[in-house]
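Residue numbers begin at 1 in each chain, while the letters A, B, ... track the order of the sequences.
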Protein chains: 2
Amino acid sequence: MHVSIQAPQAKATRALSTAAPATPTPEPLDLLEQFGTTLRIGRDHEIHAEGDAAEFCYRVVSGCVRTVRLMEDGRRQVGEFLLAGDVFGLDELDTHSFAVETVTETVLRRYPRRMVEALAESRPVLARRLRQLALEHLRATQERTLLLGRKTATERLASFVLEFDLPMSRTDIADHLGLTVETVCRVLAALKREGMIQVSRTGLRLLDRSTLLDLACETRH
Amino acid sequence: MHVSIQAPQAKATRALSTAAPATPTPEPLDLLEQFGTTLRIGRDHEIHAEGDAAEFCYRVVSGCVRTVRLMEDGRRQVGEFLLAGDVFGLDELDTHSFAVETVTETVLRRYPRRMVEALAESRPVLARRLRQLALEHLRATQERTLLLGRKTATERLASFVLEFDLPMSRTDIADHLGLTVETVCRVLAALKREGMIQVSRTGLRLLDRSTLLDLACETRH
DNA sequence: CGAGAATTTGAAAGTCGTCAAACGACGTGG
DNA sequence: CCACGTCGTTTGACGACTTTCAAATTCTCG
């Protein structure tokens with residue numbers, strides 16, 4: 001889903017045209033731009049809580065955020081990581097089903113969902129785009145159920161490093177992959193030992209992409 | 001998500017009005033009815049394969065179907081089980097991301113997606129409904145990532161029996177919950193031993209719903 | 001009624017989690 | 001500028017939950 005080489009980048013199917021010289025297909029979400037306001041938020045801050053009324057949706061301008069759910073006993077799930085160009089808060093019914101928090105210092109553009117929904121009523125192209133975004137989100141989530149339900153720790157990490165650089169903590173990664181911090185560390189160390197990757201605390205370089213792809217057991221790509 | 005007491009029933013938020021005496025809110029999907037054809041399919045048959053062009057979508061009239069994905073080495077994932085009233089094949093982009101197979105003998109109503117999409121262009125109420133269905137589907141899938149990533153075997157089975165009767169095999173259940181057949185058997189036996197449920201091969205009765213809810217660690221309900 | 005399949009149960013192994021401690025990076029304050 | 005405390009990361013030892021392998025039992029259906 002991500003095409004990450006060096007710096008944190010947007011998803012391949014990023015949701016708002018940021019700086020394409022001549023957008024081949026116009027981005028319907030750009031219709032919202034006039035209703036947006038810009039926010040800058042320091043690292044590890046909450047943007048909204050789980051259960052909050054879904055009043056706003058957001059586009060990541062720069063930085064990185066995570067979606068989070070907590071169980072009563074403290075078990076934590078990180079749903080996804082979002083990078084520049086990604087949008088969130090659109091695929092909700094009435095309330096946010098995840099909390100969203102910044103991973104790094106982040107610049108966001110915020111839009112009132114009422115405007116989005118209202119505009120979608122009169123602009124079929126926008127309505128279509130909203131559904132398409134929901135379907136892409138759904139498909140990515142389905143891909144993750146396969147990872148969580150059937151893949152080993154090594155396969156999970158291989159899948160992960162193919163998608164992301166590592167601006168996020170080991171704990172975040174663990175809670176995203178259904179593992180523990182310790183397992184994440186051990187597997188990353190093993191991948192490094194075998195020459196597949198090069199890891200620093202907050203960065204990553206892929207050394208053997210093709211073997212990683214095998215390990216990840218990805219059908220697509 | 002399911003309100004199952006005795007016979008396999010539809011999801012609470014079922015997608016087509018089947019026989020409500022006076023539907024309080026008209027169901028936009030009913031607009032498609034004139035384009036539907038009815039199919040009867042024996043048990044354990046494939047309705048469509050993973051990767052097939054998404055030409056049709058379906059509504060379950062009676063019976064039960066499962067969505068399935070396979071990894072190259074044979075590991076299997078059952079995405080969801082669908083009962084009477086549920087629809088599938090709508091939340092796809094161009095191709096089906098899951099195979100769909102019958103669990104029991106099933107009667108389906110089939111609709112050409114071209115008609116659905118075309119009709120959605122002229123009928124905003126239908127377009128809105130399609131997105132809503134996608135969002136409900138997404139939320140249910142997200143709920144499952146928490147189950148698969150963070151819940152124990154017992155918690156998974158508790159969640160499961162609260163949603164479904166058991167017209168499906170232990171293998172199907174295992175592949176749905178990210179477990180093995182043996183673990184499913186053992187946990188079901190334990191739940192029975194402790195008086196939480198009553199199990200026959202293809203049926204189920206809940207004896208202690210409130211304890212099961214605790215076990216399931218559900219935030220909602 | 002009999003054969004094959006699904007379910008169930010048992011024993012052993014393995015992967016990953018838990019607990020604990022050492023290490024290292026970073027930021028603050030002296 | 002360096003000392004120090006804190007927090008995240010890493011590594012080790014151990015343990016447990018789940019899987020694997022195997023076999024017995026039960027059910028289904030021809």
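Between B:Glu92 and B:Arg113, none of the side-chain N atoms (NZ, or NE/NH1/NH2) sits under 4.0 Å from a carboxylate O, so this pair counts as no salt bridge. Comment: B:Glu55 does not engage B:Arg110 in a salt bridge, judged by the lack of any side-chain N to carboxylate O separation of less than 4.0 angstrom.
When the C1' atom of C:dC26 is taken as reference, atom CG of A:Asp44 falls 15 Å away, rounded to whole Å. The interatomic distance linking A:Leu147 (CG) with C:dC16 (P) rounds to 12 Å, in whole Å. Summarising the geometry, the separation between CZ on B:Arg43 and C1' on D:dC27 is reported as 12 Å, rounded to the nearest angstrom. Across the protein-nucleic acid pair, B:Asp172 atom CG and C:dA5 atom P stand 17 Å apart, rounded to whole Å.
The nearest pair of heavy atoms linking B:Pro167 to B:Val103 is O-CG1, 3.6 Å.
At a cut-off of 3.5 Å, with distance as the only test, a side-chain donor of B:Arg109 or B:Thr38 sits close to an acceptor on the other residue.
The aromatic rings of B:His96 and B:His48 sit parallel, their planes meeting at an angle under 30°, below the 60° perpendicular limit.
Take A:Arg76 and apply the side chain to side chain donor-acceptor pair (under 3.5 Å) test, not counting sequence neighbours, and it matches A:Asp172, A:Asp175.
Taking 4.5 Å as the limit, every side-chain heavy atom of A:Thr37 sits out of range of all side-chain heavy atoms of A:Tyr111.
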If the sugar-phosphate is the primed atoms plus P, OP1 and OP2 and the base is the rest, what is the B/S/- string for nucleotides 7-22 of chain D, using protein heavy atoms under 4.0 Å?
--SBBBB----SBBB-
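Five base pairs at each end of the helix from C:dC1-D:dG30 to C:dG30-D:dC1 define two local axes, and these are offset by 40° (rounded to 10°).
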Run the ring-ring contact (aromatic ring centres under 6.0 Å, His included) check on B:Phe164 and B:Phe81 step by step: do they pass?
CA-CA 9 Å; B:Phe164 290 102; B:Phe81 295 105; 5.6 Å; yes
